[in-house]
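The next block holds one structure in the form of structure tokens; read it before the comments.
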2 protein chains.
Amino acid sequence: MTGRPTITQLAAELGIAPSTVSRAFTRPNLLKPETVALVQKAAEAAGYVPNHHARALSTGRAGAIGLIVPDIANPFFPPLVRAAQNYASDLGLSVFLADTDEDPNREDRLISRMAPQVEGLIVVSSRLASSRIRQIADSQRVAFINRDVPETYRVLLDTTAAIRSALTHLAELGHRRIAYVGGPPQSWANKQRHSAVDNFTKAHALEVMHFSADPGTYEAAKALGDSVAASGVTAVIAFDDVIAHGLMGGFAAAGVEVPKDVSVIGCDDTLATTTFPALSTIAVNVGAAARRAVAALSENPGSTSLTGARVIFEGTLVLRGTTGPVRSASSPLTLEPELDYPTTGSVQVRRGSDS
Amino acid sequence: MTGRPTITQLAAELGIAPSTVSRAFTRPNLLKPETVALVQKAAEAAGYVPNHHARALSTGRAGAIGLIVPDIANPFFPPLVRAAQNYASDLGLSVFLADTDEDPNREDRLISRMAPQVEGLIVVSSRLASSRIRQIADSQRVAFINRDVPETYRVLLDTTAAIRSALTHLAELGHRRIAYVGGPPQSWANKQRHSAVDNFTKAHALEVMHFSADPGTYEAAKALGDSVAASGVTAVIAFDDVIAHGLMGGFAAAGVEVPKDVSVIGCDDTLATTTFPALSTIAVNVGAAARRAVAALSENPGSTSLTGARVIFEGTLVLRGTTGPVRSASSPLTLEPELDYPTTGSVQVRRGSDS
DNA sequence: GTGAAAGCGCTAACAT
DNA sequence: ATGTTAGCGCTTTCAC
């Protein structure tokens, strides 16, 4: 009949002041334990649920954060969303989810619309121009994931070292001609992985060929299989597991065997052991990144923007079944140990723990 | 300096009343066009953004809906989330996302917590008891997807007919012993698919064996491969594509070839053509379901609960590469045409359009 | 067509 | 330890 009860109604029922009822929920330690108990009992009985909007209006705290991703259907994002949501929930925050559909304009609009209504925003794999990002970061509380713009708060899933491990591994197996098959060109992760491959191969006199799956789908990558195989490379590192998987599909269709004819290494570990052979990949701790971003937003709740920071989580190489010795009989190369990269230590079977 | 401007500040600046500014946004037709233009210009210049919380408090409309799923990392859900979010966005609604982690208690808590703050809730694949669901539906605006409780508002992805098509197809290929490999036991979809298989096989003197992948993961299904193969069935229908895929992995490991030795049909079409051979499956229009649910919530914004309804979207069989003639030489069965099920018409290569 | 005033439900000084 | 009061930013009667 009367709908959901309000604090005022509860107070009236109990013959006490609304502020007392309010305090019973927000600052119970200011109250006599008996009073708190009394209020809680009555609230329970009446089915009282606090009104977030009223609270937000009064306190200026929204009790929610926004999470903006380019494409929730891409398997990289669901685990991230899940971790963010879980952790936010632990902190008493709700999460607004929005999908930009890879469209920078949509992303920009979404940010402007959401920002004022939330405690802060997490923007993953932003497709916006750096100048715009800096601008936004200046006036909004936003944490970026996988976008590296100076002075902003950003958490990065760094695969550079793991890619070096991967290439070392391939070189040790005798591979000399290697392909990098890129993904979304505007993506920071793609640029980072591209350069990591470039730098290492250059430094170690390995030959590298670049391809790009556009869009970064299974089908597009599969269609690329022929050209990659024809290019004469004996190993490939793909931007992500979806592309790696597509490539494997293309190779299979062309009669090219993995890992006998060509080795492949993916990235992000989104497919686990569901491919055949099981895909070797670079695992990346999306959960930790998501939690760090949420934590950043929940700290310093007053400020109008986050202070710049660059927090890094390193990926790790996980070897499964898609790498093997090079087919042709060139002798395995042992890389000089004095070169400036770690040759071991980051090769593990499972990804590391958090934080 | 002063942070984001408010309606009152804008009004003061322009020397007009706050109510006029408010109307310029919400009921422009009540105002002189020049006034509207004036206000809009000033708002733009000042970077005014309406405060959702204040609006919500004043109007009682939240401008947001909640979306509750059991596990966002399961590939069935992301496309649904995406469609819901897109459509909600079109209607000017934001969406809160929450993940229950398959835990009924968590689901229940989430519903109670979110419901008062939103226009309405979409609960997908609820794991709650029917009695509890009815109770909730009574006092909250909630649309259920893939949970069929009478008198509630529910949209169902019905695969019964498509499963009949699938079995017909298998029977025509000569299959007589068929397995159904189930998924989450509490899931409505699982129960529906289970009975669909049971009813049809019973009516047509096909032999059926039941298995269940618990949990419904690739790994669990893969581990089941041996037993399923050993059971002597020549075809299997899986609860979903993930399980079908796991089974294929198990079969491959056991040297059982698909479709030569055993045919397999999945459900939900979450894998497209990424398996080898490409998985035949039952495609289901999750986008349409999501949009219908969002639409339902946006209708009759006043009421305290949705009026019961049962809206159905039929799945369709899509044949790719995992079904073939039975290995042993039993003659193909042609089913009697007078039996009460459609033998053709729902076999298509792509899923149908919306509605 | 526009203004004045009250109020949505809650919290936060400031009393007491 | 609790009550009083004012006000968050917006919408909405009700006047004019």
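Side chains included, hydrogens not; waters and symmetry mates left out as well; all remaining heavy atoms used.
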Next on the checklist: Heavy atoms only, 4.0 Å cut-off, all strands: where does T59(B) land among base, sugar-phosphate and nothing?
Outcome noted: sugar-phosphate
Item to check | I16(A) CD1 to dC10(C) P, straight-line distance once rounded to whole Å | outcome: 13 Å
Checklist entry - Is the backbone N or O of R82(B) less than 3.5 Å from a side-chain atom of N86(B), with the two atoms forming a donor-acceptor pair by type? => result yes
Checklist entry - With no hydrogens and no angle check, is any side-chain donor or acceptor of E119(A) less than 3.5 Å from a backbone partner on A62(A)? => result yes
Checklist outcome for this item: When K32(B) and L57(B) are each assigned the nearest nucleotide of DNA chain C, the 5'-most assignment goes to K32(B)
Item to check | Separation of dT2(C) P from N29(B) CG (nearest whole Å) | outcome: 12 Å
Next on the checklist: For a 4.5 angstrom cut-off between non-hydrogen side-chain atoms, does L121(A) reach I65(A)?
Outcome noted: no
Item to check | Nucleotide dA15(C), atom C1' - distance to CZ of R23(A) in whole Å | outcome: 11 Å
Item to check | Nearest-Å distance for atom pair NE2/P, residues H52(A) and dT11(C) | outcome: 10 Å
Item to check | Donor-acceptor contact below 3.5 Å, side chain R310(B) vs main chain G308(B) | outcome: no
Item to check | Donor-acceptor contact below 3.5 Å, side chain E107(B) vs main chain T100(B) | outcome: no
Next on the checklist: How many whole angstroms separate atom CG of L30(A) from atom P of dT11(C)?
Outcome noted: 13 Å
Item to check | Heavy-atom neighbours of D103(B) CG exceed 12 at 6.0 Å | outcome: yes
Next on the checklist: Going 5' to 3' along DNA chain D, which are the first and last nucleotides with any atom under 4.0 Å from a heavy atom of chain B?
Outcome noted: dG9(D) to dT13(D)
Checklist entry - So what is the end-to-end bend of the helix from dG1(C)-dC16(D) to dT16(C)-dA1(D), with 5 pairs used at each end and the value given to 10 degrees? => result 30°
Item to check | Interatomic distance, N51(A) CG vs dG7(C) P [rounded to whole Å] | outcome: 18 Å
Checklist entry - Want to settle it: does A54(B) or G15(B) sit nearer the 5' end of DNA chain C, counting the closest nucleotide to each? => result G15(B)
Checklist entry - In terms of side-chain heavy atoms of R55(A), which of dT2(C), dG9(C), dT11(C) is nearest? => result dT11(C)
Checklist entry - Does any N or O in the side chain of R154(B) come within less than 3.5 Å of the main-chain N or O of F144(B), such that one atom is a donor and the other an acceptor? => result no
Next on the checklist: At 4.0 Å (heavy atoms only), tell me whether F25(A) reaches a base, stays on the sugar-phosphate, or touches nothing.
Outcome noted: nothing
Item to check | Under-3.5 Å donor-acceptor pair between S19(B) side chain and dA4(C) base | outcome: yes
Checklist entry - What class does the angle between the rings of H53(A) and H53(B) fall in, given that below 30° is parallel, 30 to 60° is tilted and above 60° is perpendicular? => result tilted
Checklist entry - Taking it one step at a time, do E13(A) and K41(A) satisfy salt bridge (Lys or Arg N to Asp or Glu O under 4.0 Å)? => result CA-CA 12 Å; E13(A) 233 171 70; K41(A) 198 180 127 291; over 6 Å; no
